[in-house]
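One structure is given here, and the rest of the page talks about it.
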Number of protein chains: 2
Amino acid sequence: MTVSSAGQATQPHLDLQAPPPLPAGGLRVMALGGLGEIGRNMAVLEFDGKLLVIDCGVLFPEAEQPGVDLILPDFGVIEHRLDDVAAVVLTHGHEDHIGAIPYLLRLRGDIPLVGSRFTLALVAAKLREHRLDPVLVEVAAGDDHVAGPFHCEFISVNHSIPDALAVAVHTPAGVLVHTGDFKMDQLPLDGVLTDLGAFARLGLEGIDLLLADSTNAEVPGFVVPERAIGPVLEDVFRRATQRLIVSSFASHVHRIQQVLDAAETHGRKVAFVGRSMVRNMGVARDHGLLRVAPGLMVSLDEATSMPPEQVVLVSTGSQGEPLSALGRMARGEHHQVTIEAGDTIVLASSLVPGNETAVYKVINGLARLGATVVHKETAMVHVSGHAPAGELRTLLNVAKPRYLMPVHGEWRHLRAHAALAEQTGMAADRVLLAEDGVVVDLVDGKAAITGSVPVGNVYVDGLNVGDVGEESLQERRILGDEGFVALTVVVEPSTGTIVRPVHLSTRGFSDDPTAFDEVLRLVEDNLKRELSDGQTDAHRLSQVIRRTVGKWVSDTHRRRPMIIPTVLEV
Amino acid sequence: MTVSSAGQATQPHLDLQAPPPLPAGGLRVMALGGLGEIGRNMAVLEFDGKLLVIDCGVLFPEAEQPGVDLILPDFGVIEHRLDDVAAVVLTHGHEDHIGAIPYLLRLRGDIPLVGSRFTLALVAAKLREHRLDPVLVEVAAGDDHVAGPFHCEFISVNHSIPDALAVAVHTPAGVLVHTGDFKMDQLPLDGVLTDLGAFARLGLEGIDLLLADSTNAEVPGFVVPERAIGPVLEDVFRRATQRLIVSSFASHVHRIQQVLDAAETHGRKVAFVGRSMVRNMGVARDHGLLRVAPGLMVSLDEATSMPPEQVVLVSTGSQGEPLSALGRMARGEHHQVTIEAGDTIVLASSLVPGNETAVYKVINGLARLGATVVHKETAMVHVSGHAPAGELRTLLNVAKPRYLMPVHGEWRHLRAHAALAEQTGMAADRVLLAEDGVVVDLVDGKAAITGSVPVGNVYVDGLNVGDVGEESLQERRILGDEGFVALTVVVEPSTGTIVRPVHLSTRGFSDDPTAFDEVLRLVEDNLKRELSDGQTDAHRLSQVIRRTVGKWVSDTHRRRPMIIPTVLEV
């Protein structure tokens, strides 16, 4: 149990003002995303008038943001300074780290993108879909790269996607280290460890400010090795006598590798299902990150024509996406795959918060059809990609940063990370609890919060970026909960008469088409009274309609649909 | 890990017809709720033309049912036979077991309600709010009660609310046992055990059909005793130096008792916060179920005027309800309680699936304000009220039912329960996997699924019961995701002219008020072309508007708002 006073010294900075100008020789850090939320990670560093961006990801919307496809970091703060951006450094290829790049490159297409080979391959595939032709700078662990005044050094870290990097940024102001996302699997499938030696060396040289992944700061202990999942998958394969489907994240190369290995052992062919799975595994295979035995892969068409017990389908849809292949199978609506009683489906993935209802709906749909569903709550078919408390403490003890700025997390994670830092002996005032837009300046070896800049949510909806804002969302929330009733009346102001009876349109209020019949008469009566009093002003008549309907619906139904009166004059 | 063939013999009964008439001497069982879902538990038994109802609860809506307050069991099947209902037996006082009673009693007010003292006290309080005066029949564990042809025998069970009962229903057709919700805490705080002896005796006499709680069938092992939470709460109290707030379910008397005990030990006064907490704890205290030391309780007004370290607030809001006291505190909007850095908040409750986002929002809000939040993922401040796999196997081995009908669960739970039954040696065809509306008949000692009756979702929205249906919800989902655009035009058919320019109303589509300016001209052009061709039919003109706007918005925005054209003729 954690009951501590962590991070109490640092209060939420609700009253922060714009920061003062950055003193000469100082390094400025601010996050445009990823602090106070899980997703759209984007940190901006400033030194001597130049900017370095670390990651540029998207956030997936919640129920409170209905109809929104994606949420971008708010580029407003750097939009007028894009020519100052020396580079975008990408720590790894997950959507919450690379997904917003197309939108940034639309503003300036030739910003260099610096990242590992696999990361850039995923970025390149994404940008091709957006018809963008980026400037790519490939780096590997151990490499240095100089972007303007920022001397970047790359460090290998272990995560739930191959080829992930941390970055140390050397500037005359000091050394900043950003872990990206990481964990410390000591038996990684590809042998690529989080390079504690490099963190130790940097620690000895002196890390002024560490930005470290907070996602699992509330989780005690250490990660279970990814390879512990192999025997569990083996067991599933051994018992499965019919169709077998394994669903996971489309970028989790190591997880998919273990499925392929089990398939080979048990004589099943493998078919990938889902656009992103096919694309990413193609990239991984091309880069030698996914080992595929000759003859192992078949197409979905081939797979569905083979006896079910001779194939394993590797599919997207592990987060309950209704339009995914697995989602359609669970509803019995997939045109090629029909789930039979006795089939086995494995969800070899985490359950991303907010997706629970959708995931359980898929599991229930499959269970209803008679399938056995193996998921992380019933078997160890998933381990997290993020360092839990024990590993975060280890990193802090090895890297010995002068200051810590917890990143990548909601407030509960950031504060838990702060508590861990205090446990390792860091003074409370050495932990900088910031959220999106909060500015941290490193000047003369001292890091401090100096202000904040305005940041907001930039919503992507269809082809639109930014035109759906909080006002539209608030309207959607009301419409979605209550529906609307629109009443239109045509009046002739010169005679004070109603030319057409009140016309009613209503949606989402009632399945009963006569629900408003009673109030229509009331509206007409009230309008006629106004008109006979000589009141013909359209705005006033609209108010009469709104008040009449609003009171009636509240009194008789205790509900508050959106009321939209329209008075047309002829 | 559970990878088994459980329940494969029983397929989902999508093609089931209405059941044949119940043979003389047969017992019919059907669930109107609670099978295939967690909530609105309601089983209906029929023998010799008479009906016995077991529980009558509500289901809370999900995101797919926007704006809905409650979901009721569909009474349609029994609505025309309410005079045949001999009694409603209530197993315990949770909302998902008693919440729909007011709506049933509106149809027939004098149906006897049979239940334990505490259950009936909670029901009575609820019915007073609905201005209903019920017929209450109090029973206790060990009691018999005859309702028509149903000889009911009550058995004590242990659950997360006091005074819970299972019921054995003896009829000439055989013996049916319904567990209600239960677990087997072997060290219950009130000493009331699940009476395995009674289940064993009934098993020896012969249980023909067991209906048993499936909620935790996927969870391995046995429950941790409720009293294990005491030391954890003790530790929280010991460390807390400032304000302390414990949030839990308003009916969890034993959990609240442990908070009161810790408060007494640590010299803190206690104030209840939240209407249902105040009401239910008052009832519990009146019935001797909650022991309150003299002078321990204070009002919230008194509490807020005392030094924070001398009080503990016991509050509702553990499920993240935004309007609850805790929800308002987390946003800094509570008018009496302001959270300070260093305060401690305990969420001593489960996280009901579907509520994750809301709960984490509250936790993050509190963490942002500097509070330490202790919740079930960081400390053992909650144990479940439902029997996990080990206890379900134990019950099956003790009760030795001839047939099992898993109840109270989504499909994943029902099927996991079936798997447990098969592990204990029950033949697959002895496990009846049914969902809401599926009819199980026990005739000549044999139980089988014989058909299904139509059941649906009955939505409560404000004062309306049933008039919001699937059509309204579908409209709400579209409106909530996409918004709408309404276009109204007034035409004079006799002259083929547009009397008024097209009037536009749009909500939830864009924050930009000019978003549709471009298409308005297009609509007018297309309308004028139609009119000049002599086409004045309002329906046809509406179609022109719909097509013009639909194509434009799809081409330019890749979005699909609801389009509502109105053509008014003068």
Side-chain angles (χ1 to χ4, degrees), chain A residues 1-3 5 8 11-12 62-63 66-67 218 236 239 341-342 353-354 356-357 360 363-364 367-368 370 372 374 377-379 410-412 415 461-464 467-469 471-472 475-476 479-483 486 488 490 499-500 503 505 507-508 510-512 557-559 564 566 568 570, chain B residues 1-3 5 8 11-12 62-63 66-67 218 236 239 341-342 353-354 356-357 360 363-364 367-368 370 372 374 377-379 410-412 415 461-464 467-469 471-472 475-476 479-483 486 488 490 499-500 503 505 507-508 510-512 557-559 564 566 568 570:
Chain A
M1 188 181 59
T2 312
V3 181
S5 59
Q8 288 173 26
Q11 279 297 296
E62 297 183 348
E218 284 188 314
V236 171
R239 293 169 187 247
E356 292 85 355
T357 310
Y360 289 133
I363 294 175
N364 283 319
R368 185 171 191 271
T372 297
V374 182
E377 289 175 24
T378 61
E410 302 168 6
W411 266 97
R412 60 193 174 111
R415 204 166 278 280
D461 188 354
L463 295 180
N464 296 106
D467 82 325
V468 171
E471 187 184 329
S472 297
E475 290 170 352
R476 288 184 187 181
L479 289 169
D481 277 356
E482 302 276 358
T488 306
V490 183
V499 179
R500 281 269 320 194
H503 179 273
S505 277
R507 298 285 191 287
S510 173
D511 283 18
D512 174 6
H557 296 271
R558 290 276 183 279
R559 287 162 61 186
I564 298 157
T566 306
L568 300 176
V570 290
Chain B
M1 187 181 58
T2 311
V3 181
S5 58
Q8 288 175 24
Q11 279 298 296
E62 297 183 350
E218 286 189 311
V236 171
R239 294 169 186 246
E356 292 87 355
T357 309
Y360 290 132
I363 293 175
N364 283 319
R368 186 171 190 271
T372 297
V374 182
E377 289 174 25
T378 61
E410 302 168 7
W411 266 97
R412 62 194 173 111
R415 203 167 279 279
D461 187 355
L463 296 180
N464 296 105
D467 82 326
V468 170
E471 187 183 330
S472 297
E475 290 169 352
R476 287 182 187 181
L479 289 169
D481 277 355
E482 303 275 358
T488 306
V490 183
V499 179
R500 281 269 320 195
H503 179 273
S505 277
R507 297 287 190 284
S510 173
D511 282 20
D512 174 6
H557 297 270
R558 290 274 183 282
R559 286 162 60 187
I564 299 158
T566 305
L568 300 176
V570 291

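- Per-residue heavy-atom pair counts under 4.5 Å with chain B were compared for A/Val499, A/Asp461, A/Thr488, A/Asp512, and the maximum is reached by A/Asp461.
- Heavy atoms of B/Arg500 lying under 4.5 Å from chain A belong exclusively to its side chain.
- For A/Glu410, the salt bridge (charged side-chain N to carboxylate O under 4.0 Å, His left out) test picks out A/Arg412, with sequence neighbours left out.
- Of the listed residues A/Ala486, A/Gly67, A/Ser472, A/Gly469, the one with more heavy-atom pairs under 4.5 angstrom with chain B than any other is A/Ser472.
- With a threshold of 4.5 angstrom between heavy atoms, B/Ser505 approaches chain A through side-chain atoms but not through N, CA, C or O.
- The CG atom of B/Asn464 sits 11.0 Å away from atom CG of A/Asp511, with the distance rounded to the nearest 0.5 Å.
- With respect to chain B, the highest number of heavy-atom pairs below 4.5 Å among A/Glu356, A/Glu62, A/Glu377, A/Glu482 belongs to A/Glu356.
- Taking 4.5 Å as the limit, every side-chain heavy atom of B/Val374 sits out of range of all side-chain heavy atoms of B/Arg239.
- Of the possible polar contacts, one joining the B/Arg476 side chain to the A/Gly508 backbone as a donor-acceptor pair under 3.5 Å is found.
- Rounding to the nearest 0.5 Å places CG of B/Leu568 at 10.0 Å from OG1 of A/Thr566.
- If you measure heavy-atom distances from B/His557 to chain A, the contacts under 4.5 Å come from both the backbone and the side chain.
- If you measure heavy-atom distances from A/Arg507 to chain B, the contacts under 4.5 Å come from both the backbone and the side chain.
- Only the side chain of B/Thr357 comes within less than 4.5 Å of a heavy atom in chain A; its backbone stays farther off.
- Here the closest heavy-atom approach between residue B/Gly483 and residue A/Leu479 is recorded as CA-CD1, 4.2 Å.
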